[in-house]
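Protein chains get the first letters and strands the later ones, always in sequence-line order, with residue 1 at the start of each.
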Protein chains: 2
Amino acid sequence: MNSPRWLDADEQRAWRAYLRMQGRLTARLNRQLQADSGLSLADYDVLVHLTDREEGRLRPYELQRDLQWEQSRLSHHLTRMQHRGLVTREECADDGRGAYVVITEEGRRAIAAAAPGHVETVRRLFFDGLTREQVTALERLAADVLDRLD
Amino acid sequence: MNSPRWLDADEQRAWRAYLRMQGRLTARLNRQLQADSGLSLADYDVLVHLTDREEGRLRPYELQRDLQWEQSRLSHHLTRMQHRGLVTREECADDGRGAYVVITEEGRRAIAAAAPGHVETVRRLFFDGLTREQVTALERLAADVLDRLD
DNA sequence: GCCATGTAGATGATGTGTCATCTACTGGTG
DNA sequence: CACCAGTAGATGACACATCATCTACATGGC
């Protein structure tokens, strides 16, 4: 690790701007969602993935794969969401080790109530300031970076 | 909040890709830094800002302004860093309410040891996969979004 | 059938972020 | 000087993330 390739001026500016945007944006989105609906971004993501399947049920390992969360984080988070009545756990007949996570009626109501305001906020804070070209360039950039992360 | 402007297909893909990249990248950077140097990204940022001033001392409110952190988060974080010997607090003569945060020798050693590996990781995971045009486009995009966040 | 190895998931300890609230000092206005 | 709004910072309670570890079941080789 001798004499690393430091970032040049362009990279440095870009990196700092990215970090700053990322932090501020996440904070704002989290705050809006929390204040308006009592859900965190994490709750929101879990509920979105559950409602994506009609039955509203998933194996935790599927959720983990989709969300790319640590297994332990997911388990703890589901426990908290269960205590708040947003999801329940059910046994899995096929696999004795496994379980199902199932969205509750209350969970469905919560996500339905939260979604419009959240999407509106994403649009207002993020997409409204960008051109169509910037949006497609961002998708490309994120895909390029993700390729190298795996 | 009736009938929000939902995201179209392009926006949806871009947003999901961005969120995914962001989450994975942050996790990787944090893990590398933590494993190789025992510092978190947050520690790193604090120490970088302290070493930016020659005296290695700042008022907490300055740090807060630069880092754009919640005041309470900063205060808690400084307390933890103090317990680990990375910084100390000193009284502020000019302002009876105030204080100084000062980097310790140990803090200087820690950041000096951590920086090369961290920069190398940022380069490897992020910049090495991008063209110069993508980098400048990102800086522009982040600046545009930040403009609308304030 | 028995064992080794792998996989699904939960859990406790610990560090971190947020919110609400508190104390103490400052600085301007009457 | 007395008052009061504002500012600097700390703190306790609680939600969240990570790490190491644990249990239980699955599966393939012998």
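- Contact check for B/L86 versus B/L39: side-chain heavy atoms found under the 4.5 Å cut-off.
- The footprint of chain A on DNA chain D, defined by a heavy-atom cutoff below 4.0 Å, extends from D/dC16 to D/dA26.
- Counting any heavy atom pair closer than 4.0 Å across all strands shown, A/Q71 reaches a base atom.
- For residues 91-114 of chain A, no residue pair satisfies the ring pair (Phe, Tyr, Trp, His ring centres under 6.0 Å) rule, not counting sequence neighbours.
- Under the 4.5 Å side-chain criterion, counting only non-hydrogen atoms from C-beta, B/L141 is in contact with A/M21.
- Regarding B/R31, its CZ atom lies at a distance of 15 Å from the C1' atom of C/dG15, rounded to whole Å.
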Validation: residues 74-84 of chain A side-chain donor-acceptor distances under 3.5 Å, sequence neighbours left out:
residue: A/H77; atom: ND1; partner: A/R80; partner atom: NH2; Å: 3.3
residue: A/H77; atom: NE2; partner: A/D43; partner atom: OD1; Å: 2.6
residue: A/T79; atom: OG1; partner: A/S75; partner atom: O; Å: 2.9
residue: A/T79; atom: OG1; partner: A/R89; partner atom: NH2; Å: 2.5
residue: A/Q82; atom: OE1; partner: A/R89; partner atom: NE; Å: 3.1
residue: A/H83; atom: ND1; partner: A/T79; partner atom: O; Å: 3.3
residue: A/R84; atom: NH1; partner: A/G38; partner atom: O; Å: 3.4
residue: A/R84; atom: NH2; partner: A/D43; partner atom: OD1; Å: 2.9
residue: A/R84; atom: NH2; partner: A/D43; partner atom: OD2; Å: 2.7

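- For the segment residues 39-68 of chain B, residues with any heavy atom less than 4.0 angstrom from an atom of DNA chain D are, sorted by number, B/R59, B/P60, B/Y61.
- Side chains of A/I103 and A/R57 form no contact here, defined as non-hydrogen atoms less than 4.5 Å apart.
- Within residues 77-86 of chain A, the residues that place at least one heavy atom under 4.0 Å from DNA chain D are, in residue-number order, A/H77, A/R80.
- With a 4.5 Å cut-off on side-chain heavy atoms, A/R140 and B/Q134 count as touching.
- The separation between A/Q34 atom CD and C/dT18 atom P is 11 Å, rounded to whole Å.
- Every salt bridge (Lys or Arg N to Asp or Glu O under 4.0 Å) that A/D10 has, sequence neighbours left out, goes to A/R13, B/R132.
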Dump the pairs, protein N or O against N or O of nucleotides 23-26 of chain C, anything under 3.5 Å, distances to one decimal.
residue: C/dT26; atom: OP1; partner: B/G96; partner atom: N; Å: 3.4

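- For residues 17-45 of chain A, the pairs satisfying ring pair (Phe, Tyr, Trp, His ring centres under 6.0 Å) are A/W15-A/Y18, A/Y18-B/F126, A/Y44-A/H118, with sequence neighbours left out.
- Pairs passing the ring pair (Phe, Tyr, Trp, His ring centres under 6.0 Å) check and including a residue from residues 131-150 of chain A, sequence neighbours excluded, do not occur.
- At least one donor-acceptor pair closer than 3.5 Å links the side chain of B/T104 to the backbone N or O of B/G85.
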Protein-nucleotides 12-14 of chain C N/O pairs under 3.5 Å:
residue: C/dG12; atom: O6; partner: A/H76; partner atom: NE2; Å: 2.6

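- Applying the salt bridge (charged side-chain N to carboxylate O under 4.0 Å, His left out) rule to pairs touching residues 103-117 of chain A yields nothing, sequence neighbours excluded.
- Using a 3.5 Å distance cut-off with no hydrogens or angles, the side chains of B/Q34 and B/N30 do not pair a donor with an acceptor.
- Applying the salt bridge (charged side-chain N to carboxylate O under 4.0 Å, His left out) test to every pair with at least one member in residues 66-76 of chain A, sequence neighbours left out, gives these pairs: A/R53-A/D66, A/E70-B/R31.
- Two residues are said to be in side-chain contact when any heavy atoms from C-beta on lie closer than 4.5 Å; A/V87 and A/L47 meet this criterion.
- For the pair A/R123 (side chain) and A/D128 (backbone), a donor-acceptor distance under 3.5 Å is absent.
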